[in-house]
Asker: 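I'd like to ask some things about the structure below.
Just so it is clear, the structure is predicted and the values come from calculations on it, not from any experiment.
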Amino acid sequence: MKYWLMKSEPDVYGIDQLKADGTTCWEGIRNYQARNFMRDDMAVGDRVLFYHSRSKPPGVAGIAEITRAAYPDHFALDPDHKYYDARSSEDNVRWVMVDLGWVETFDRLVSLAELKADDALDGMLVIKKGQRLSVQPVEDRHYARVLQMARSPRS
DNA sequence: GCCAACGTTGGC
DNA sequence: GCCAACGTTGGC
């Protein structure tokens with residue numbers, strides 16, 4: 001099983017919404033690196049740190065899991081949809097999506113500031129300056145450490 | 001809301 | 001294939 005971090009703006013789609021929905025399709029990824037991770041490396045059962053971006057504060061809000069592996073993002077074919085991509089066609093959709101299922105909402109948000117301050121998370125992608133990738137791989141030990149932080153009081 | 005950092009596009 | 005212009009992301 002692999003571990004990931006996926007970003008979402010809670011104003012748009014937060015972990016509470018995922019919990020309410022149970023599962024959702026993760027459409028609208030329009031970055032090749034993120035797409036390639038989803039298409040080539042994600043598998044059903046992989047665990048995801050669900051990260052709230054552009055919020056106060058930003059941070060990891062909980063856990064999701066991959067419930068369906070990559071399949072074509074058909075929203076790319078709909079001219080009226082915000083995720084329409086004119087370069088995609090029925091037999092060649094350039095973008096993929098996966099399905100996410102809710103697993104857990106942390107009792108407390110583990111903020112970006114905390115992630116940055118924790119020595120055990122050195123090298124984690126999300127804390128790197130200018131890192132905009134909305135789908136990122138997470139090392140096993142980093143994933144375990146974030147869970148540990150979520151389950152202990154803020155120090 | 002600002003703007004630095006980054007990815008993509010397209011003219012040449 | 002270079003790179004300037006542009007659009008987007010996301011912390012602050």
Side-chain angles (χ1 to χ4, degrees), chain A residues 2-21 24-42 46-66 70-100 102-139 142-143 145-150 153-155:
Chain A
K2 296 195 192 70
Y3 299 103
W4 305 94
L5 180 145
M6 294 171 78
K7 299 177 183 173
S8 186
E9 298 182 33
D11 292 347
V12 179
Y13 196 94
I15 196 153
D16 291 343
Q17 188 67 48
L18 180 61
K19 183 178 183 179
D21 291 345
T24 193
C25 62
W26 208 249
E27 81 278 11
I29 299 296
R30 295 292 180 267
N31 170 284
Y32 290 109
Q33 207 178 345
R35 179 202 66 182
N36 293 347
F37 281 133
M38 292 199 300
R39 187 188 61 191
D40 303 334
D41 298 321
M42 271 187 183
D46 284 0
R47 292 288 165 127
V48 177
L49 297 175
F50 195 97
Y51 181 89
H52 283 174
S53 63
R54 290 191 66 112
S55 59
K56 296 178 185 174
V60 181
I63 301 170
E65 69 177 341
I66 306 300
Y71 59 104
D73 181 347
H74 57 80
F75 293 102
L77 300 175
D78 179 357
D80 296 326
H81 199 274
K82 64 181 283 199
Y83 292 130
Y84 177 63
D85 170 36
R87 298 188 185 194
S88 287
S89 59
E90 281 287 349
D91 48 0
N92 187 16
V93 180
R94 290 203 303 182
W95 307 107
V96 301
M97 53 188 175
V98 296
D99 285 357
L100 279 189
W102 178 84
V103 174
E104 176 183 339
T105 300
F106 291 157
D107 291 336
R108 66 180 196 86
L109 184 104
V110 181
S111 72
L112 177 61
E114 284 180 83
L115 300 178
K116 285 180 172 173
D118 195 276
D119 290 342
L121 297 178
D122 280 355
M124 193 178 181
L125 286 177
V126 73
I127 63 180
K128 284 179 66 177
K129 184 181 178 180
Q131 178 55 262
R132 304 186 313 173
L133 201 58
S134 62
V135 177
Q136 345 181 319
V138 172
E139 294 178 32
H142 289 163
Y143 180 88
R145 176 61 183 153
V146 172
L147 258 63
Q148 189 178 42
M149 292 166 78
R154 194 183 305 262
S155 53

Asker: Write down the distance between CZ (R35(A)) and P (dG7(B)), rounded to a whole number of angstrom.
Answerer: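 After rounding, the reported distance stands at 15 Å.
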Asker: Looking at D91(A), D85(A), N92(A), which one forms a side-chain hydrogen bond (donor to acceptor under 3.5 Å, both in side chains) with S88(A)?
Answerer: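 Of the listed options, the one satisfying the test is D85(A).
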Asker: Measure the distance from OH on Y13(A) to P on dT9(C) and round it to the nearest whole Å.
Answerer: 19 Å
Asker: For K82(A) and dT8(C), give me the distance from atom NZ to atom C1', rounded to whole Å.
Answerer: 12 Å
Asker: Over how many whole Å does the gap from H52(A) atom NE2 to dT9(C) atom C1' extend?
Answerer: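 Checked: the NE2 to C1' distance equals 17 Å.
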Asker: If I take atom CG in residue L115(A) and atom C1' in nucleotide dG11(C), what distance separates them, rounded to the nearest angstrom?
Answerer: 13 Å
Asker: Measure up the W26(A) and Y13(A) rings against each other and bin them: parallel (under 30°), tilted (30 to 60°), perpendicular (over 60°).
Answerer: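 Ring orientation of W26(A) relative to Y13(A): perpendicular.
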Asker: Counting side-chain heavy atoms from C-beta on, which of dG11(C), dT8(B), dT9(B) comes nearest to R87(A)?
Answerer: dT9(B)
Asker: Less than 4.0 angstrom from a charged side-chain N to a carboxylate O is my criterion; do E114(A) and R108(A) meet it?
Answerer: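 A salt bridge links E114(A) with R108(A).
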Asker: Rounded to the nearest Å, what distance is computed from the CD1 atom of residue I29(A) to the C1' atom of nucleotide dT8(C)?
Answerer: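 About 13 Å, once rounded to whole Å.
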Asker: Answer yes if the side chains of D99(A) and Y71(A) hold a donor-acceptor pair under 3.5 Å, and no otherwise.
Answerer: yes
Asker: In whole Å, I'd like the distance from the CD atom of Q33(A) to the C1' atom of dA5(B).
Answerer: 14 Å
Asker: Give, ordered by number, those residues of residues 118-134 of chain A having at least one heavy-atom distance below 4.0 Å to an atom of DNA chain B; if nothing qualifies, reply none.
Answerer: K129(A), G130(A), R132(A)
Asker: May I ask you to test the W95(A)-I29(A) pair for a side-chain heavy-atom distance under 4.5 Å?
Answerer: no
Asker: Ignoring hydrogens and geometry beyond distance, is a side-chain donor-acceptor pair present between D21(A) and W102(A) at under 3.5 Å?
Answerer: no
Asker: Using the benzene-type ring in the case of Trp, are the ring centres of Y83(A) and F75(A) under 6.0 Å apart?
Answerer: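 Ring centroids of Y83(A) and F75(A) are no less than 6.0 Å from each other.
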Asker: Can you tell me how far P of dG11(C) sits from NZ of K116(A), to the nearest Å?
Answerer: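 For the pair K116(A) NZ and dG11(C) P, the rounded distance is 8 Å.
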Asker: Side chain of R94(A) only, please: which of dG11(C), dT9(B), dT8(B) is the nearest?
Answerer: dT9(B)
Asker: Between Y51(A) and dG11(C), is there a contact of a side-chain N or O with OP1 or OP2 at under 4.0 Å?
Answerer: yes
